[in-house]
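Order of the sequence lines fixes the chain letters, A, B, ..., with proteins taken first and strands second; residue numbering starts at 1 for each chain. Note that the structure is predicted; figures quoted are calculated from it, not measured.
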Amino acid sequence: MKKENLTKKESWKGTLMVPVFYVVLIIVWQLVYWVGTSSLGLWKSYAFPSPLMVLESCISLIQKGTLFQALLYSIVRGILGFGLAIVIGFVLGILLSLSEGLHRCLHPFLLGLQTLPSICWVPFAILWFGLDESAIIFVVVMGSAFSIALSVRNGIRNVNPLWIKVARTMGSNQKQLYRKVIVPAAMPAFVEGLRQGWSFAWRALMSGEVMSATVGLGHTLMMGRDLADINQVMLIMIVIVVIGIVIDRFVFRQIEESMLKKRGL
Amino acid sequence: MAKQYDGHGGEVLTSVSLKIEDGEFFSIVGPSGCGKSTLLNLIAGFELPTEGSIFMDGKPVTGPGNDRIMMFQDSALFPWLNVIDNVKFGLDIVGCSKAEQEERAHQYLKLVKLDKFSSYRVHELSGGMKQRAALARALAMDCKVLLMDEPFSALDKQTTNILREELAEICAAARRTIILVTHSVEEALFLSDRVAVIGAGKTGLKKIYSVDMPRPRQIGSEPFLKLRREILDDVRIEVEQSEKGEFD
Ligand SMILES: Nc1ncnc2c1ncn2[C@@H]1O[C@H](COP(=O)(O)OP(=O)(O)O)[C@@H](O)[C@H]1O
Ligand SMILES: [Mg+2]
């Protein structure tokens, strides 16, 4: 009897707690909207979003096809920019791992670039590329490639030196050392670096789209502002967050967890 | 042969002159920090001597090679591979065919009594099993010389005792030249044909004892205890001297 209670409690904590929390949160939000706009008159109804109006906005944007098109553009740009950032990040990261001198010289510079908010690249990108797809891709690459490069370099450098010694005592050449030891050993660090790189890339993409795109989630967000439609603004913000979380959770965490589990970590 | 490191280390080994025979079990004991690992690293080819040279079958050692396989205190198994793939690792590097890899890996896993665990992942093994898997990985290479740097010192006493006896059996089965570094004089005497003591005061090799006792050796027997006493005294004098040196 007691045991049953316990498992019930656990299943409540494990599966139901989180969804219930968000349902309650949304209900509270709706109540705050009602009380705050009509009863107390704290806000004008057009200045405060409500869950029901956001949902309405969502349905309307889906019906017009705007949401789907914006999503498609943003995701394709994200994949292109992030893909390019991965290539550049890995090449740079491998170079940095090969030369300690190069790493010492470039490390402060790369860290500096990393602290620069991506939106600061937008004026430069527009002057360089014009109001063009490549300007946005450029912003994405600048926002994420250096973080990937540093992760790749650290991943390679932090490979357990004993594993390298084992490979060398077995007579492996440089190519075998990389293929059979360094790459698999550094793989968890690579995935972690990509995960972090993706979050930078996604944020950079939104900066670029807000500033210069003619279609895409960032652009739809700005459209909401131009139409003074706070519910559309809220909706797009939520979509941006949800996509970021979904990709982190169901792509990167998934790979990471299955890999670490295999290694017993 | 001598070895000198830059910086505080300075000269670690002065004039070590040593000849190890084919098929011999050779142990090195000495106080910690005296350069035992350095000597093994030199033989393995991870480091090069600052003076003199090391010869293997008449050819000078210029770098690591798979005729000399090194084992460490940590098993250093690869956690992304299962047990049998760890054993096949070196075989794949030297370019054995898949069938041969399979056969040799099974053969040596059987020798170290891990044949039932071939598909286990590294983290599912106990410390002793990990060291046995590392031994199988090394032996499978068909190396002439096996270099072991305190391979049992991270294990509990009981496991160590079991592994020592197994190592004695395995060595009888797979005749190799073995150079073992250990801090246990008992272990050295139990396993070796000869035991070398390295001095602490940067003196290099101090003395080499021959162990002429029939195998399997009885740890409690009269000659065993006598020789153990003798070597321990030797090592103790070394430790005292090195401590005095530090305070001077
Ligand atoms: N790579 C190195 N550079 C400088 N000094 C070293 C290096 N490796 C070892 N030493 C020094 O050489 C001495 C012997 O080390 P080691 O061979 O590891 O001793 P042992 O294995 O006998 O305990 C120590 O004093 C250590 O500080
Ligand atoms: Mg040592």
Side-chain angles (χ1 to χ4, degrees), chain A residues 86 90 93-94 97-101 104 151-195 251-265, chain B residues 37 40-41 43-47 61-83 85-96 119-126 130 133-135 137-149 151 154:
Chain A
I86 291 174
F90 268 81
I94 289 167
S97 78
L98 292 175
S99 159
E100 196 48 36
R104 278 233 298 281
S151 307
V152 167
R153 182 266 172 195
N154 289 337
I156 293 175
R157 277 281 162 154
N158 292 336
V159 171
N160 182 350
L162 270 188
W163 291 336
I164 295 173
K165 260 185 149 178
V166 169
R168 287 178 62 209
T169 193
M170 307 253 172
S172 83
N173 58 32
Q174 206 64 12
K175 194 179 139 205
Q176 289 169 321
L177 180 67
Y178 268 84
R179 199 168 54 83
K180 291 179 64 86
V181 177
I182 291 180
V183 169
M187 199 50 91
F190 289 170
V191 175
E192 175 60 28
L194 290 183
R195 190 163 83 85
V251 179
F252 294 107
R253 286 272 172 87
Q254 208 73 26
I255 299 173
E256 208 165 59
E257 271 167 22
S258 78
M259 187 164 49
L260 294 184
K261 203 171 142 215
K262 228 172 100 180
R263 296 174 187 209
L265 294 170
Chain B
S37 300
L40 272 201
N41 278 324
I43 299 172
F46 290 126
E47 313 258 3
V61 168
T62 54
N66 56 23
D67 50 350
R68 292 150 283 136
I69 301 290
M70 180 111 152
M71 266 181 73
F72 310 92
Q73 187 177 338
D74 185 296
S75 66
L77 295 172
F78 303 117
W80 56 90
L81 301 176
N82 64 18
V83 170
D85 287 339
N86 263 287
V87 178
K88 289 179 188 169
F89 175 85
L91 301 173
D92 192 35
I93 288 209
V94 296
C96 284
S119 63
Y120 274 49
R121 308 217 64 93
V122 172
H123 67 93
E124 295 170 316
L125 302 183
S126 70
K130 281 183 191 158
L135 181 62
R137 178 172 67 179
L139 288 173
M141 288 301 282
D142 237 350
C143 55
K144 288 210 172 108
V145 180
L146 190 60
L147 306 165
M148 306 174 102
D149 192 354

Side chain, backbone, both or neither: which part of B:Met70 has an atom under 4.5 Å from a heavy atom of chain A? both
Atom CG in B:Asp67, atom CG in B:Asp142: separation rounded to 0.5 Å? 11.5 Å
Given the options B:Phe78, B:Phe46, B:Phe72, which has more heavy-atom pairs under 4.5 Å with chain A than any of the others? B:Phe46
May I ask you to name which of A:Pro188, A:Pro184, A:Ala167 has the most heavy-atom pairs under 4.5 Å with chain B? A:Pro184
Please state whether the side chain, the backbone, both or neither of B:Arg68 comes within less than 4.5 Å of a heavy atom of chain A. backbone
Test salt bridge (charged side-chain N to carboxylate O under 4.0 Å, His left out) on A:Lys261 and A:Glu256 and set out the steps. CA-CA 8 Å; A:Lys261 203 171 142 215; A:Glu256 208 165 59; over 6 Å; no
What part of B:Leu147 gets within 4.5 angstrom of chain A, counting heavy atoms only: side chain, backbone, both, or neither? neither
Test salt bridge (charged side-chain N to carboxylate O under 4.0 Å, His left out) on A:Arg195 and A:Glu192 and set out the steps. CA-CA 5 Å; A:Arg195 190 163 83 85; A:Glu192 175 60 28; 3.5 Å; yes
Heavy-atom proximity to chain A below 4.5 Å, by part of B:Ala44: neither
Give me the ring orientation class for A:Trp163 and B:Trp80: parallel if the planes are under 30° apart, tilted from 30 to 60°, perpendicular past 60°. perpendicular
Less than 3.5 Å apart, any donor N or O on the side chain of A:Lys165 or B:Asn41 sitting next to an acceptor on the other? yes
